Peer 1: 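One structure follows; several queries about it will come next.
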Amino acid sequence: MTFQSILDEIKNNLNKVLSEMSLFDIDFSVEPAKPGFGDVSSNVSYLLAKQLKKNPAQIAQLISEGYNKTQHTLVLKSEAHSSGYLNFFANWDRLCQLILSESHLDTFGFVELGKQSPIVVEHTSVNPNKALHIGHIRNIIIGDTVSRILRKADYKVNVLNYIDDSGLQVADIIVGFTHFGFDQEPPNDKKFDHYCGDDVYVKTTQKYEEDFSLEEIRKNVLKELENGSSETAKFADIITRKVLANQLETCWNLSVTYDCLNFESQIIRSGLWSKIFEKLKEMKLVEFENDGKNAGCWVIRGDGKEEDKVIVRSNGTATYIAKDIPYAAWKLGLLDDPFHYEKYPIEQPNDQKLWQTTLNDSGSTEHDFTGQKVITVIDSRQARLQKIITDLMTKFKSVPDTYVHLGYESVTLSSDTAKTLGLETEGKQTQMSGRKGLYVSADSVYDLLKEKTIQETAKRNPDMRSEDIETVAHNVAVGTIRYEMIKYDLDKIITFDLTKSLSLEGDTAPYIQYTHARASRILEKSGRSTSIDVDFSLLIEKSELDLVKTIGLFGISVKDSANNLSPKVIARYCYDLAVSFNSFYEHNKVLGIENKKLEDARLCLVNSFKLTIERSLDLLGIATPDRM
RNA sequence: GGGCCCAUAGCUCAGCAUGGAUAGAGUGUUGGACUUCUAAUCCAAUGGUCAAGGGAUCGAAGCCCUUUGGGCCCGCCA
């Protein structure tokens, strides 16, 4: 926590100064200063204005004088600003040394928040009946990025993907295959998940609208799916696993990986529901309705103005939300684990092992994928249902904030993009719909970006081998998608536009990746390995010190981001870091300058930057090409 | 009818949690910088009644209340 050192020093010293003035327990701020106001600022004098009956500027003057008498190593001096702020100027010789040497350690940016406690992050959880679209991608990238950040914050993260393989959407494509004559082989090399989503699913649901009598078939298939031993269920298992494999391919391609796949069909067959139902009845969290509109149902009472929620229908079957309750309790480790675990048949591209639940105990391994805390990434349209689950879990495990619904706004299509898909929206953005075939698939966006990047990279690097161009283009395409999905606040709607979202300039991943390529090139051309045994006092230019400062803020950003489950904080940090480097790059020459000691110091700085941008972009799952 | 979210520059967004200095980026438009460590870059200009109104405060883009505009959710569907 490098820059934190100077903040800590100032905080301690300020407290000393205050206690000499017989002032205690003042909750003042000490934070990195705005440009032009020194290096660190504190609002302490504002907070004392009333108590001391003096204006803030006078108080700042007083404290500043006191401060300059204290022992300080990282601060050169403090200064009272006429506004009342107290500004501090850093001892950059020492701070450079501290920040730059620490940034060379593998642990740089690591913060001890989680203390290795297990935490569950569930994301993706897409019905296995279609290809992933750009809306799913927001969920997936948020989940994956949060997982990476929590790992950096010392949590033991278990990443889960819930496979809803027995719901209505799956039933729909099964009906398509078994009743409407869709071939099991997709036409001309189409990916199977795209075929199921674009053709089978869309056209099958269309038929329902034309002929309501088909509803009967659909209901029967759904019923057969829940009974695991039926032929329909076995057939559905084959189909959904094929789709799932394709979906995972898309995820892996975007550098997203998991620890365990949980299948809904197995949760249903495990009998977890009846156990949790008994518990709910015992704890009086559900009540049986004798009359009224929900007569014959078991309901959860809504608090205040909320409506009661039916969880068991009058025919005895569980509703959608009810299926989520045992899973939520399982994730928190509140139930005896009925599952065994086996390796997923396909390996993930990184070293991470992928497991899947099974009810078959022959030769399988025991694992614990539960967590003391659980984070479920689902879009905010489900907020109401998630609140019911969260409330229940809080009653089961009486520790607050252990079950968190991490909600986010949806991705919509711009009017122009909707038009290219054949929908006229009169200039308005529009929600995507899998059922109507109104979506932009993740694979197609990736392909478009990759093609664009291949051309750009080939143009810039005529001597580059085509497989290297391919790799660069892959990394840039993935980076662009991931950055676009993470840089906005979670509660901002992202309007996806096929043209505008493919930009590679400005506040984008390629901009940041490009700074890494620049840094790599300098280090490569220097022809030697960098040392941290250099004269840091030679780094005096504003753009040099700004870069050092930004590097030093990495840990603070990680902490902020992890505490608030706010992945965009890291995206902003990466961007700020890249801007600092570009400014340094434009204003200072590193190689071929007369002062060799300065060259050494700058090389050290470039290397620190390179390591830090690699680590911070890695938190976003974005790779850092050496050339591009 | 009830609930959740959003509103800051022409456009897309930071800043709001934890009130304090001169409200910042990108993009767009206009001009400038490649014989130099890669111009996916940089520099400059342009652009703001922080939706409106009220309140508490020495002090509000930020906190509280109201209103307006926009999005979403409220089934014995999933």
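Just so it is clear, the values below take in all heavy atoms, side chains as well, and ignore hydrogens, waters and symmetry mates. Lettering follows sequence order; numbering is per chain, from 1. Quick caveat: nothing in here was measured; it's all calculated off a predicted structure.
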Peer 1: Residues of residues 35-47 of chain A with any non-hydrogen atom less than 4.0 angstrom from an atom of RNA chain B: list those, numerically ordered, please.
Peer 2: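 F37(A), S41(A), Y46(A), in order of number.
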Peer 1: Between rG19(B) and rA60(B), how many Å separate the two P atoms, rounded to a whole number?
Peer 2: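 Rounded to whole Å, the distance is 13 Å.
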Peer 1: Taking all heavy atoms of D626(A) and all of S520(A), pick out the closest pair and write down the distance.
Peer 2: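 Scanning both residues, the minimum pair turns out to be OD1-OG, 3.0 Å.
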Peer 1: Select one nucleotide: of rA21(B), rC76(B), rC72(B), the one nearest the side-chain heavy atoms of V310(A).
Peer 2: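 That would be rC76(B).
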Peer 1: Evaluate salt bridge (charged side-chain N to carboxylate O under 4.0 Å, His left out) for E224(A) paired with K219(A), printing each intermediate quantity in order.
Peer 2: CA-CA 9 Å; E224(A) 286 172 53; K219(A) 269 188 191 152; over 6 Å; no
Peer 1: Between rC77(B) and rU68(B), how far apart are the P atoms? Round to whole Å, please.
Peer 2: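 Between the two P atoms, the distance is 36 Å.
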Peer 1: If the C1' atom of rC50(B) is compared with that of rA14(B), how far apart are they to the nearest Å?
Peer 2: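 That atom pair is separated by 13 Å.
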Peer 1: Considering only rC37(B), rG26(B), rC76(B), which nucleotide approaches the side chain of D507(A) most closely?
Peer 2: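 My answer, after comparing the listed nucleotides, is rG26(B).
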Peer 1: So N461(A), base contact, sugar-phosphate only, or nothing? Heavy-atom distance under 4.0 Å.
Peer 2: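 Since no nucleic acid heavy atom lies under 4.0 Å of N461(A), the category is nothing.
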Peer 1: Report which part of the nucleic acid K525(A) touches: base, sugar-phosphate, or nothing (heavy-atom distance under 4.0 Å, all strands).
Peer 2: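 Here K525(A) touches the backbone only, sparing every base.
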Peer 1: Just to be sure I understand the rule, does Q513(A) reach a base, reach only the sugar-phosphate, or reach nothing, if contact means heavy atoms closer than 4.0 Å?
Peer 2: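 Counting heavy atoms under 4.0 Å across all strands, no contact is made by Q513(A).
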Peer 1: What's the separation between atom OH in Y201(A) and atom CD1 in I174(A), rounded to the nearest 0.5 Å?
Peer 2: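 Answer rounded to 0.5 Å: 13.0 Å.
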Peer 1: Do you know the tightest heavy-atom contact between L620(A) and R482(A)?
Peer 2: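 Answer, listing the atom of L620(A) first, then R482(A): O-NE, 2.7 Å.
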Peer 1: What's the shortest heavy-atom distance between Y327(A) and N262(A), and which atoms?
Peer 2: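 The pair with the smallest heavy-atom distance is CE1-ND2, 3.5 Å.
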Peer 1: Y488(A) has an atom OH; how far is it from atom P of rC11(B), in whole Å?
Peer 2: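 Rounded to whole Å, this separation is 15 Å.
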Peer 1: Do we see a donor-acceptor contact under 3.5 Å between the side chains of D576(A) and T550(A)?
Peer 2: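 Side chains of D576(A) and T550(A): no pair found under 3.5 Å.
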Peer 1: Suppose you measure atom P in rC6(B) against the same atom in rC63(B); what distance do you get, rounded to whole Å?
Peer 2: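 Here rC6(B) and rC63(B) have their P atoms 10 Å from each other.
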Peer 1: Dot-bracket notation for RNA chain B is requested: 5' to 3', Watson-Crick or G-U wobble pairs only, both distances under 3.5 Å, with ( ), [ ], | and . as defined.
Peer 2: (((((((..((((......[...))))((((((.......))))))....(((((..]....))))))))))))....
Peer 1: What contact category does N588(A) fall into here, base, sugar-phosphate, or nothing, at under 4.0 angstrom with non-hydrogen atoms?
Peer 2: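 Answer is base: heavy atoms of N588(A) come under 4.0 Å of a base.
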Peer 1: Remember a base hit wins even if backbone is also touched, and classify T457(A) as base, sugar-phosphate or nothing at under 4.0 Å, heavy atoms.
Peer 2: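 Since a base atom lies under 4.0 Å of T457(A), the category is base.
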Peer 1: I want to verify a distance call: between rG26(B), rA21(B), rC76(B), whose nearest atom is closest to the H81(A) side chain?
Peer 2: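 Among the listed nucleotides, the one closest to the side chain of H81(A) is rA21(B).
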Peer 1: Please collect all salt bridge (charged side-chain N to carboxylate O under 4.0 Å, His left out) contacts where either partner lies in residues 42-62 of chain A, sequence neighbours excluded, each pair once.
Peer 2: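 Sorted result for residues 42-62 of chain A: empty, none.
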Peer 1: Between Y483(A) and Y575(A), does the ring centre distance come in under 6.0 Å?
Peer 2: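 No, they do not, as the ring centres are separated by 6.0 Å or more.
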Peer 1: Take atom NZ of K487(A) and atom P of rG26(B), then tell me their distance rounded to the nearest Å.
Peer 2: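 It is 11 Å, rounded to the nearest whole Å.
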Peer 1: When the nearest nucleotide of RNA chain B is assigned to K589(A) and to T508(A) on a heavy-atom basis, which residue is associated with the more 5' position?
Peer 2: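 Upstream on the strand: K589(A).
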Peer 1: In whole Å, I'd like the distance from the NZ atom of K309(A) to the C1' atom of rC74(B).
Peer 2: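 Going from K309(A) (NZ) to rC74(B) (C1'), I get 8 Å.
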Peer 1: With syn defined as a glycosidic angle within 90° of 0 and anti as everything else, classify rC72(B).
Peer 2: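 Base orientation: anti.
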Peer 1: Whole angstroms only, please: what is the NZ-P distance between K50(A) and rA56(B)?
Peer 2: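 After rounding, the gap between these two atoms is 13 Å.
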Peer 1: Taking the six-membered ring of Y208(A) (Phe, Tyr or Trp), confirm whether the NZ or CZ of R218(A) is under 6.0 Å from its centre and within 45° of its axis.
Peer 2: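 Yes, R218(A) and Y208(A) form such a contact.
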Peer 1: How long is the span from the CG atom in N161(A) to the CG atom in L244(A), to the nearest 0.5 Å?
Peer 2: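 Going from CG on N161(A) over to CG on L244(A), the span is 7.0 Å.
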Peer 1: In whole Å, measure the gap between the P atoms of rU22(B) and rU18(B) for me.
Peer 2: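 Taking atom P in both rU22(B) and rU18(B), they lie 24 Å apart.
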Peer 1: Rounded to whole angstroms, how far apart are CD on Q382(A) and P on rC77(B)?
Peer 2: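 One finds 16 Å between P of rC77(B) and CD of Q382(A), rounded.
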Peer 1: Which whole-number value in Å describes the distance from Q429(A) CD to rC11(B) C1'?
Peer 2: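 In whole Å, rC11(B) C1' lies 14 Å from Q429(A) CD.
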Peer 1: Between CG of N15(A) and CZ of F28(A), what distance do you get to the nearest 0.5 Å?
Peer 2: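 If I round to the nearest 0.5 Å, the distance is 4.0 Å.
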Peer 1: Base, sugar-phosphate, or nothing for A295(A), non-hydrogen atoms under 4.0 angstrom?
Peer 2: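 The residue A295(A) makes base contact.
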Peer 1: Establish, yes or no, whether the cationic atom of K281(A) lies under 6.0 Å from the six-membered ring centre of W298(A) and within 45° of the ring axis.
Peer 2: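 Relative to the ring axis of W298(A), which defines the angle, K281(A) lies inside both limits.
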Peer 1: Which of parallel (below 30°), tilted (30 to 60°) and perpendicular (above 60°) describes F581(A) and Y585(A)?
Peer 2: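 Plane angle between 30° and 60°, so tilted.
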Peer 1: Between rU29(B) and rA9(B), how far is it from one C1' atom to the other, in whole Å?
Peer 2: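 It works out to 13 Å between them.
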Peer 1: Any N/O pairs under 3.5 Å between the protein and nucleotides 1-4 of chain B? List them or say none.
Peer 2:
residue	atom	partner	partner atom	Å
rG2(B)	N2	R384(A)	NH2	2.5

Peer 1: Categorize A517(A) for me: base, sugar-phosphate, or nothing, with a 4.0 angstrom heavy-atom threshold over every strand shown.
Peer 2: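 Counting heavy atoms under 4.0 Å across all strands, the contact made by A517(A) includes a base.
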Peer 1: Quick check against the 3.5 Å criterion: does T319(A) have a side-chain atom that pairs as donor or acceptor with the backbone of V310(A)?
Peer 2: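 Pair found, side chain donor or acceptor close to backbone of V310(A).
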Peer 1: Whole angstroms only, please: what is the NZ-C1' distance between K500(A) and rG26(B)?
Peer 2: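 These atoms are roughly 14 Å apart.
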Peer 1: Name the closest nucleotide to the Y511(A) side chain, picking from rC76(B), rU41(B), rA25(B).
Peer 2: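 So the side chain of Y511(A) is nearest to rU41(B).
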Peer 1: For the ring pair F609(A) and F584(A), is the centre-to-centre distance below 6.0 Å?
Peer 2: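 Ring centres of F584(A) and F609(A) not closer than 6.0 Å.
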Peer 1: For rA39(B), does either OP1 or OP2 sit under 4.0 Å from a side-chain N or O belonging to Y585(A)?
Peer 2: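 Y585(A) to rA39(B) OP1/OP2: side-chain N or O found under 4.0 Å.
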Peer 1: Just the table, please: protein N/O against nucleotides 15-17 of chain B N/O, every pair under 3.5 Å.
Peer 2:
residue	atom	partner	partner atom	Å
rG15(B)	OP1	K568(A)	NZ	3.2
rA17(B)	N1	N564(A)	ND2	3.2

Peer 1: Please report, rounded to the nearest Å, how far the P atom of rU36(B) is from the CD atom of E586(A).
Peer 2: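 Interatomic distance, CD of E586(A) to P of rU36(B): 14 Å.
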Peer 1: What does L523(A) touch in the nucleic acid at a heavy-atom separation under 4.0 angstrom: a base, only the sugar-phosphate, or nothing?
Peer 2: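 Touches nothing.
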Peer 1: Using a cut-off of less than 4.0 Å, is there contact between a side-chain N or O of R313(A) and OP1 or OP2 of rG75(B)?
Peer 2: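 Checking rG75(B) against R313(A), no side-chain N or O comes under 4.0 Å of OP1 or OP2.
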Peer 1: Given the C1' atoms of rU41(B) and rC58(B), what is the spacing between them in whole Å?
Peer 2: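 Comparing C1' positions in rU41(B) and rC58(B) gives a spacing of 46 Å.
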Peer 1: Indicate, with a heavy-atom threshold strictly under 4.0 Å, whether L591(A) touches base, sugar-phosphate, or nothing.
Peer 2: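 Touches a base.
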Peer 1: What residues form a salt bridge (charged side-chain N to carboxylate O under 4.0 Å, His left out) with E451(A), not counting sequence neighbours?
Peer 2: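 Salt bridge (charged side-chain N to carboxylate O under 4.0 Å, His left out) list for E451(A), sorted by chain: empty.
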Peer 1: Specify the residue among K293(A) and Q431(A) whose closest nucleotide of RNA chain B lies further upstream toward the 5′ end.
Peer 2: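 It is Q431(A) whose nearest nucleotide is closer to the 5' end.
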Peer 1: If I pick the C1' atom on rC13(B) and the same atom on rU8(B), what distance separates them, to the nearest angstrom?
Peer 2: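 Each nucleotide's C1' atom is 9 Å from the other's.
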Peer 1: Of the listed nucleotides (rC37(B), rC5(B), rA78(B)), which one gets closest to any side-chain atom of L168(A)?
Peer 2: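 Given the options rC37(B), rC5(B), rA78(B), the side chain of L168(A) is closest to rA78(B).
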Peer 1: Ring-plane angle category for F37(A) and H81(A), please: parallel below 30°, perpendicular beyond 60°, tilted otherwise.
Peer 2: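 F37(A) and H81(A): perpendicular rings.
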